[in-house]
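Scroll down for the structure; my scribbles are underneath it.
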Amino acid sequence: MLTLKLIQDNPQEVIDKLKIKNCNAQELVNGIISVDTSRKSLQTELDGGLAEMNSISKEIGILFKEGKRDEADKLKERTAELKENNKILGDKLAEAEKELHSLLIQLPNIPHPSVPAGKSDADNVEIRSGGVMPELAGDIVPHWELTKKYDIIDFELGTKLTGAGFPVYKGKGARFQRALIAFFLDEANKAGYTEVVPPLMVNEDSAYGTGQLPDKEGQMYHCTEDNLYLIPTAEVPVTNIFRDVILDAKQLPVKYTAYTPCFRREAGSYGKDVRGLNRLHQFDKVEVVQVAHPDKSYEVLDSMVAYVEGIVNKLGLPYRVLRLCGGDLSFTSALTFDFEVYSVAQEKWLEVSSVSNFESYQANRLKLRYREEGNKKPVLAHTLNGSALALPRIMAALLENNQTEKGIRMPECLIPYTGFEYID
RNA sequence: GGAGAGAUGGCAGAGUGGUCGAAUGCGGCGGUCUUGAAAACCGUUGUGCGGCAACGUACCGGGGGUUCGAAUCCCUCUCUCUCCGCCA
């Protein structure tokens, strides 16, 4: 969430900037300011009452020690009213804090100045493209037919075991999947990211910390018995490593990578682009996460984009990089670049990565701060993350784009991992 | 799953109703000493909120209660450890 200070100091600026996200924040901002103002005066008043109570209690303590029971009892009479008053003030203050908080979390992150205006993904701006469009002869077959032809992914079997959107990878398909994971992790390691294997389930606090709760509750699988959530992305457990943490400035940037399966209910998206590997309830992804110094976070973002571009290039896929417009930017992001790869049989661009700078928006929720040397006050850090990469659509594009008469040709960089050159 | 013990500052570890935000040790930071370092000694060393500041206030796992006053007593939840059982 945004910091109160920012909203208090520049309310109009916040409102103006959020217009890029097609968000009319006028009312919210006004509400926040007025609730905060009353919160402050309540606190001042309550602190005064508590101070008086504390000093009376001390006096009573002293009187008791001196054996002056009567005087002490007299003082006690005065405390009753004070106590009641403090209780009322305390309740009001708690109420105001709750209200303030619920308003604050409704405000999305402020977009970076470079974010273009726009309503939907149609308004995203292509900033770069690369790779070579494959020119395939003969019948071009979509990946869901290829997976059947080579018997490498069984969607129906997954339906039998679990339900739609939980495919079973088999034989070279399974090996292909494992190869991609290992390749992505090795690349991330080479780029200086420390590998972590996080839990695949998180508690409420973690889901809240990265913003999945309360707004996206319905998108996560929830184990009610233990009140745990299956992670929709490694971002959740990995970023929450830093919840309530104060880092040293010299520790920044912190770079973590994690491979995890991801679980998404995808409620409300039935029937749309769900064919084959395009949209699954469980899929694999390698994520990269950085905690950066605020002054450096956009350099870091650029480096993360360059990093993702590097691995897409190694895979030999035609791709484009988009700068997301205000309307398509996620609630928590200040600036996001999407990577899409071209899938020749579907004749579609498929989103395979999303690289974002959240600035201090997540950090504020997480209470993730750093301390400058010699400086006493801890300051909110910036968090960034990106997919590097999400597997199913990469696999879909590789299957379709690399289909030959001999089978599916593996990209050069994967052969050491797959141990074979063709899926046939 | 059954029985017991426990949760205190970066860590270790005192504190069982009254100047306790909390002894002491370690660690960290600053200084003295030293050619430099170590040792020794001195000082300093949590976070949030309110306040221009002085300062006030809250926080001893979470929540609630008793009391003029709670780290300390009561209730409840969570977690950790030990033993037993079960098990990859």
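Every chain is numbered from 1, with letters handed out A, B, ... down the list of sequences. Small disclaimer: the values here were computed from a predicted structure and weren't measured.
Closest to the Lys58(A) side chain, of the nucleotides C68(B), U19(B), U47(B), is U19(B).
C87(B) sits 15 Å from G1(B) when the P atoms are compared, rounded to a whole Å. Comparing G6(B) with U16(B), their C1' atoms sit 15 Å apart, to the nearest whole Å. Comparing the P positions of A12(B) and G69(B) gives a spacing of 34 Å, expressed to the nearest Å. When the C1' atom is compared between C68(B) and U19(B), the two are found 16 Å apart, to the nearest whole Å. Taking the C1' atom of each, C26(B) and G13(B) are spaced 11 Å apart, rounded to whole Å. If you take atom C1' in A71(B) and the same atom in C86(B), they sit 38 Å apart, rounded to whole Å. With both ends at atom P, the span from A22(B) to U44(B) equals 13 Å, rounded to whole Å. Comparing A14(B) with A7(B), their P atoms sit 9 Å apart, to the nearest whole Å.
Atom-to-atom distance recorded for Leu28(A):CG and Gln106(A):CD is 5.0 Å, nearest 0.5 angstrom. Here the CG atom belonging to Leu399(A) is positioned 6.0 Å from the CG atom belonging to Leu146(A), to the nearest 0.5 angstrom. Distance check: Ile88(A) CD1 to Leu42(A) CG gives 12.0 Å after rounding to the nearest 0.5 Å. Annotation: the span from Thr147(A) atom OG1 to Glu145(A) atom CD amounts to 8.5 Å, rounded to 0.5 Å. Distance check, rounded to the nearest 0.5 Å: CG of Leu18(A) to CD of Gln26(A) gives 11.5 Å.
For Ser343(A), the side chain to side chain donor-acceptor pair (under 3.5 Å) partners two or more places apart in sequence, or in a different chain, are Gln346(A), Glu400(A). Partners of Asp186(A) according to the side chain to side chain donor-acceptor pair (under 3.5 Å) rule, which considers only residues two or more places apart in sequence or in another chain, are Tyr417(A).
Taking the nucleotide of RNA chain B with the nearest heavy atom to each of Ile56(A) and Ile246(A), the more 5' of the two is matched to Ile246(A).
Screening residues 160-181 of chain A for salt bridge (Lys or Arg N to Asp or Glu O under 4.0 Å) gives Asp151(A)-Lys170(A), Asp154(A)-Lys170(A), Lys172(A)-Asp424(A) as the qualifying pairs, with residues at least two apart or on separate chains.
With 3.5 Å as the limit, one finds a donor-acceptor pair spanning the side chains of Ser354(A) and Asp338(A).
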Under 4.0 Å protein heavy-atom contacts per nucleotide of nucleotides 49-66 of chain B, with B for base, S for backbone only and - for none: BSS----BSS--------
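The distance from atom CE of Met53(A) to atom C1' of U19(B) is 17 Å, rounded to the nearest whole Å. Per the geometry, CG belonging to Asp70(A) stands 15 Å off C1' belonging to C68(B), to the nearest Å. The CD-P distance, from Glu77(A) to G69(B), rounds to 15 Å in whole Å.
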Structure string for RNA chain B in dot-bracket form, Watson-Crick and G-U at under 3.5 Å, | interchain: ((((((((.[[[..)..(.....]]]((((((.......))))))(((((....))))).[[[[[..)....]]]]])))))))....
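For the side chain to side chain contact (heavy atoms under 4.5 Å, CB included) with Pro411(A), the qualifying choice from Leu315(A), Asn401(A), Thr418(A) is Leu315(A), the only one to do so.
When the shell of 6.0 Å around CD of Glu66(A) is examined, it contains more than 12 heavy atoms from other residues, nucleotides or ligands. Atom CD of Glu412(A) has 12 or fewer neighbouring heavy atoms from other residues, nucleotides or ligands inside a 6.0 Å radius.
Between Arg371(A) and the phosphate of U47(B), there is a side-chain N or O to OP1/OP2 separation shorter than 4.0 Å.
Backbone-only engagement by Thr79(A) is indicated by non-hydrogen atom pairs under 4.0 Å involving sugar-phosphate atoms exclusively.
Against RNA chain B, the stretch residues 198-211 of chain A makes no heavy-atom approach under 4.0 Å.
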